[in-house]
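All residue numbers refer to positions in the sequence shown, counting from 1. Every number for a ligand or one of its atoms is a count from 1 in the order of the listing.
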Amino acid sequence: MRLHAFTCGWLDGPLGNFLAGEHGRLRVPVPCFLIEHPQGVVLFDSGLHPQTQHDPDGRLGVVAKVFGVEFAPGEEVTARLAAVGVDAGRVRYLVNSHLHFDHTGGNQQIPNARLVVQRREWEAGHDADQIARQFYYPHDYDHGHDTLLVDGEHDLFGDGRIVCLPTHGHTPGHQSLRLRLDSGEVILTGDACYLRRTLEQLHLPSVVDDPEAMRTALLRLRALRDAGARLIFGHDPEDWASVPALMT
Ligand SMILES: [Zn+2]
């Protein structure tokens, strides 16, 4: 199994959004991950929508007032996949950690995949109150994909190598992805853990759907790390510099 890590843009926003109460700003990567499994190609999150490259205000509305966007042509998910020899039409499963714009923006460009989302996230993403409260944009994820809604842990190919891990809290149905590579276990935390500091200090962001659930998820991620897993965080610029483009 091969794990490719790449960015689909960078965001620049208030540090307090990532670590409640902190001042200043932070420039963060928008990571996506491609996993080549013997039974098919899996994408974990899809980055920003290509429209964001030339029209961030039109695409993101109020969110563009909070975050600056750096996203150049050639950094969109389809180009990133092509660069490692994978046609976007060949992706079998598109696993979304959650439905925020920087994780689902490229979904439209992955036409043939089966979408894998936690049921409670999908339901929140189709509830008018939750859409407003969680800053979801249905135009990121409502593209008629065949959808596999899962409840809790889900082993994608039944061999224990790619497993969805429920890490609710950031949003109602957030999930991380646990990978068993030949070199060891890797956890793609997604936004269950923005930064290494989030994990070390249990320092939550300013906007959290369910703080108690998020703390529980962080403790679970810590336990996995302590058992030897490598964690790749959701938006940590320092940690990102040490993430290899390819892991096997
Ligand atoms: Zn995010």
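Between Tyr93 and Phe157, the gap from one ring centroid to the other is short of 6.0 Å.
Judged by distance alone, with hydrogens and angles left aside, the side-chain atoms of Thr189 form a donor-acceptor pair with the main-chain N or O of Cys193 at under 3.5 Å. Side-chain N or O atoms of His100 include none that pairs as donor or acceptor with a backbone N or O of Asp102 at under 3.5 Å.
The existence of a salt bridge linking Arg178 and Asp155 is excluded, since no basic side-chain nitrogen approaches an acidic carboxylate oxygen closer than 4.0 Å. Using a 4.0 Å cut-off between charged side-chain N and carboxylate O, Arg196 and Asp236 make no salt bridge.
With a 6.0 Å radius and a threshold of 12 heavy atoms from other residues, nucleotides or ligands, Glu238 has its CD atom at or below the threshold.
For the Zn ion (ligand 1), the count of nearby protein N/O/S atoms, taking only those under 2.8 Å, is 4.
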